[in-house]
Every structure is written in structure tokens, then in C-alpha cells.
Amino acid sequence: MPATKPEQKPRLLVLGSGWGACRLLKDIDTRLYDVICVSPRNHMVFTPLLASTCVGTLEFRSVAEPVRSIQPALSLLPDSYYFLARCTDINTDQHEVHCEALQEDIDDGKGEGGNKFTVAYDKLVIATGAEASTFGITGVHEHALFLRDVKNAMDIRTKLLLNLMKCEIPGTSMEEKARLLHCVVVGGGPTGVEFSGELSDFIRHDVHHKFAHVKDLIHVTLIEANEILSSFDVRLRDYAVNQLTKTGVKLVRGMVKEVLPEKLLLTDGTEVPYGLLVWSTGVGPSPFVRNLPFEKSPGGRIGVDETLKVPGVEDVYAIGDCSGYLERTNKTVLPALAQVAERQGKYVAKALNKMAKAGEGHAKAHITPADPFVYRHLGSMATVGRYKALVDLRESNKSRGLSMKGFLSWIVWRSAYLTRVISWRNRLYVAVNWATTLLFGRDISCF
């Protein structure tokens, strides 16, 4: 797509379809900009509820919001588009990006490449997210499953149900049954803890009734090198440990040395056999981000200034997990959280709208300096199973604030996330799924 002409609306190009990108798409004024979105995933994932889809509490479509629904202009306006593609390179001198269309494996963005094309931009926002951190440990990519996308959740659910059904096949040894039904979670952050809690609920409420022959063999182990939920208040961490232990989750303090096809090795020499291995140890920069010729922040993410602009190049912004403050800004490193990315998307959309109204929307236009981005942490929440949850409303580890735990926190957790689901359609899906699960149990169909 060629560069825009002066009489045309400026073109905003957004790379990605995560929290930051979709909040930007939602808030941008399409009367001021033509919008192009390029992403290998045609939907946004509501990640706080993703763990619930792995065990059938929610349907997969309940946590997926199509990009075209978030910003209808991508379908309706003649010069606005969504392209199912990945960006391969950025030429900031020519104000254009090079892309490669996807042909298959839409969800994980790793399908074979198709047609190559170029898109010129007036303003570019990079919001491509991050990838799961493996710390260079051998065998993780080959044998572990991650929990970052709907495709990951589908793979986890399929593996879990297949292992349950394999164990009922005549001739399967007790040793093999014990291995197949050992679910190991590596990483004690909110995702790992919530998945462990959902899994323990699934075992207690559904496996015991629908897989009674093997109900006493299935168990869950959560491995963490340090403290679980390290960003939460210490009282909430202790409560989480007690609750997970009560529900049958075995907590192991240790570091993984190597992952083999049927077992993993810890640095102390312990061997842990597994049938399902879920890896949830945080995120790091993707190969695409590492290869970009921009100055990097600590940790290898795209470096940005106080206004989320990439220094040294014109008309380029970076938001979400792919970006971080440069050291010279002396700004606090922001956590890789959905609320950070969403707030950044809102901020950049407001700034871009203001530029266009001032006649500064086209490429290389003089730009009036914007107010710095300010992030205020709204708190953290996590469910630990058995209708219990944690709510930590402190702004930081060192500040004071309200913290809650127990059943009331679980009500707050569900209510908050139900209202945060983007569309009314998906809110209805989530509410109906929760009610159906409560009345009839989780779906154990395997596709």
C-alpha cells in the first residue's frame, strides 16, 4: 500500500492484536485516521479467564474478541483493513513495514508464510507482545505447553482429557497411569497459580464423578524457584499456599534444569515424571523485537521515552509487553500486565487523536510534545480454587492498601472480570458458561 497523499486522511498502522493494540483500535478516531491492523491473530484474548477454558469451565469463544468487532471501521471503511499477516521488517526511513501473509495456524502465528507485501504508514504503533520465557532450558519448547493463547488452552485441554482416557485402556501399567495423570505446572505467578486452582477444582468436581476409575491417581504439582505470587501481600501468599495445599496441589521449591519427553530434571537432581507439563514462567522479547534496529530497554524490549515514542525515529510508538522505558528516562520498569498495555493503548490513542486534530497526523509533521504517560497500578487478583480468590489493591509491594482473601474476594474477582470482558456478547457467554458449569459440571468433550 503506497504512502498517503496530503489530501487523504493519515494512515495509522498497528502491529498486534493484544490488550494494548485493541484498546488503541477501540479509542482511535476513525474520522481522523485510516487504520490498518496487521497481526497473525484475528482476535484479542481475554487472558485473565484463559485458564478457565483449559478445563471446560468456559468455552474458548468466551475469551476471544474479534478485532473487527472491536473496531468496525476495519471492515466498513474503504481504506481501513485488517491483514492476517506478520510483520517481518520495519523501514523507518521510508515509513513502511514489510509483511508476510499467513496461510495456516492462525492462533499461534507460526504457519507457513504466504504473499509478501509492504504497507506505508504515517504513524506506527508496535504492540506485538512478548513470548514465553524458557531461560534457555533444554527441552521446554519441545515438550512443554504454554498458556498464552486460545490455541495453547485447546492443546492443554486435549492433552489432559486424552491422558485421562488413555489411563482407562486395559493393559496400561500403574506406573504409566501415575505418569500420565501427573500434571506439572512450572511457574508460581498468577497464571500458574490460577491454572493449578482450576485444575484442582476440575479434579475434585468432575474427574471424581466422570473418571471414577482413575480418580485417585491424578494429582497436580506446582514448581516455583522462589515464592509463589511474589508481587502479592505476604498474608495473601500464605493464604494461597494453604488453599492450594488443601485442594491437593503439591508445592515444590526448585529450579528446572532440563525437560525430557516424560520427565523433567531439577537442579538438585530430583526427577519429576509428568503426563502434562504447563510452562508459565513469565515473558521475554520475541525474535522479531530482538531483531529490530531500535535502542533496547533493560531486558531486550523496545526502548521508549516518557511518551511511549521510540527515540531516534519519527512517528513510531511501542506499547505493551514488547516495550520498556529506556534507562536514561529514570522511570520505574513497568510489569508485563494486561492493565499496563491497556492503559498505554488508551494513552497513545488519545495522543494520536490530538495530533490529527492539530493537523499533525501525517508522516514527519511537526509534533507538539505530549504529556508523559503515567501508570497507576489498580491492584492484582488471582483465584486459587474452591471458590476462593485473592484481591490485592496496593499500588506497589511497599505501599499500603486494601487486601482481601476468601469467598468474598472470589465474588469480587468474578464480578470485576465479567465487567472487563469487552463485548456484551462475550459477557453473556461467560455468565452462561459459569451458570452451566455450576449446574451441570464442566464439559469433558475432546475434539
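Worth knowing before you read on, the calculation uses all heavy atoms, side chains too, and leaves out hydrogens, waters and symmetry mates. Being a predicted model, the structure only gives us computed values, none of them experimental.
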[X] [atom1] to [Y] [atom2] distance, which is reported to the nearest 0.5 Å:
| X | Y | atom1 | atom2 | value |
| --- | --- | --- | --- | --- |
| Trp434 | Leu438 | CH2 | CG | 12.0 Å |
| Arg204 | Ile218 | CZ | CD1 | 13.0 Å |
| Lys405 | Ser403 | NZ | OG | 7.0 Å |
| Ser80 | Gln71 | OG | CD | 7.5 Å |
| Ile422 | Ile70 | CD1 | CD1 | 4.0 Å |
| Phe294 | Cys322 | CZ | SG | 10.0 Å |

Tell me, do [X] and [Y] make a side-chain contact under 4.5 Å, heavy atoms counted?
| X | Y | value |
| --- | --- | --- |
| Lys388 | Trp410 | no |
| Leu276 | Leu180 | no |
| Leu50 | Leu147 | yes |
| Val272 | Val184 | yes |
| Leu12 | Val14 | yes |
| Arg442 | Asp201 | yes |
| Phe202 | Thr57 | no |
| Lys309 | Val304 | no |

Does [X] come within less than 4.0 Å of [Y], counting only side-chain N to carboxylate O?
| X | Y | answer |
| --- | --- | --- |
| Lys350 | Asp27 | no |
| Lys177 | Glu168 | no |
| Asp149 | Lys151 | no |
| Glu342 | Arg420 | yes |
| Lys210 | Asp206 | yes |
| Arg148 | Glu131 | no |
| Glu262 | Arg179 | yes |
| Lys166 | Glu176 | no |

Do any N or O atoms from the side chain of [X] and from the backbone of [Y] form a donor-acceptor pair under 3.5 angstrom?
| X | Y | result |
| --- | --- | --- |
| Ser323 | Gly320 | yes |
| Tyr274 | Leu181 | no |
| Glu59 | Arg61 | no |

Q. Is there a side chain to side chain contact (heavy atoms under 4.5 Å, CB included) between Val278 and Ile156 once you walk through the steps?
A. CA-CA 8 Å; Val278 176; Ile156 291 171; 4.0 Å; yes
Should we count [atom1] of [X] as having more than 12 external heavy atoms under 6.0 Å?
| X | atom1 | result |
| --- | --- | --- |
| Met165 | CE | yes |
| Arg235 | CZ | no |
| Glu142 | CD | yes |
| Asp268 | CG | yes |
| Lys296 | NZ | yes |

Q) Using 30° and 60° as the class limits, which term best fits the ring planes of Tyr387 and His205: parallel, tilted or perpendicular? A) tilted
Q: Give the ring-plane orientation class for Phe373 versus Tyr347, where under 30° counts as parallel, over 60° as perpendicular and anything between as tilted.
A: perpendicular
Q) Passes side-chain hydrogen bond (donor to acceptor under 3.5 Å, both in side chains), Thr53 versus Arg157? Steps please. A) CA-CA 8 Å; Thr53 66; Arg157 179 172 169 179; over 6 Å; no
Establish, from distance only, whether the side-chain atoms of [X] and [Y] form a donor-acceptor pair under 3.5 Å.
| X | Y | value |
| --- | --- | --- |
| Thr138 | Glu258 | no |
| Glu306 | Thr329 | no |
| Asn433 | Ser62 | yes |
| Ser17 | Ser39 | yes |

Q. What's the verdict on side chain to side chain contact (heavy atoms under 4.5 Å, CB included) for Arg425 and Glu65, showing C-alpha distance, side-chain angles and the deciding distance?
A. CA-CA 9 Å; Arg425 180 194 62 183; Glu65 192 70 47; 3.6 Å; yes
Q: Give me the one residue out of Phe135, Trp279, Phe146 that meets ring pair (Phe, Tyr, Trp, His ring centres under 6.0 Å) with His141.
A: Phe146
Show the nearest heavy-atom pair for residues [X] and [Y], with the distance to one decimal.
| X | Y | result |
| --- | --- | --- |
| Asp392 | Ser231 | OD2-O, 4.0 Å |
| Leu161 | Ile444 | CD1-O, 3.6 Å |
| Gly187 | Thr281 | CA-CG2, 4.0 Å |
| Gly254 | Ile223 | O-CG2, 3.7 Å |
| Val340 | Pro335 | CG2-O, 3.5 Å |
| Phe232 | Pro190 | CE1-CG, 4.2 Å |

Q.
Just to verify, which of Gln344, Arg343, Lys331, Gln339 counts as forming a side-chain hydrogen bond (donor to acceptor under 3.5 Å, both in side chains) with Tyr375?
A. Gln339
(Q) Using side chain to side chain contact (heavy atoms under 4.5 Å, CB included), reason through Ile319 and Ile126 one step at a time and then give a plain yes or no. (A) CA-CA 6 Å; Ile319 61 176; Ile126 306 171; over 6 Å; no
Q: List the steps, then state whether ring-ring contact (aromatic ring centres under 6.0 Å, His included) holds for His43 with Tyr82.
A: CA-CA 11 Å; His43 57 274; Tyr82 164 75; 9.8 Å; no
(Q) Out of the candidates Asn42, Leu102, Val38, only one should pair with Phe83 under the side-chain contact (heavy atoms from CB on, under 4.5 Å) rule; please name it. (A) Val38
(Q) Show, in sequence, the C-alpha distance, side-chain angles and deciding distance for Glu100 and Thr88, and conclude whether the side-chain hydrogen bond (donor to acceptor under 3.5 Å, both in side chains) test is met. (A) CA-CA 7 Å; Glu100 185 178 59; Thr88 57; over 6 Å; no
Q: Apply side-chain hydrogen bond (donor to acceptor under 3.5 Å, both in side chains) to the pair Thr47 and Trp19, showing each step before the final yes or no.
A: CA-CA 9 Å; Thr47 47; Trp19 282 85; 3.1 Å; yes
Q) After noting the C-alpha distance and the side-chain angles of Thr383 and Glu194, does the key distance pass the side-chain hydrogen bond (donor to acceptor under 3.5 Å, both in side chains) rule? A) CA-CA 5 Å; Thr383 178; Glu194 290 192 331; 5.8 Å; no
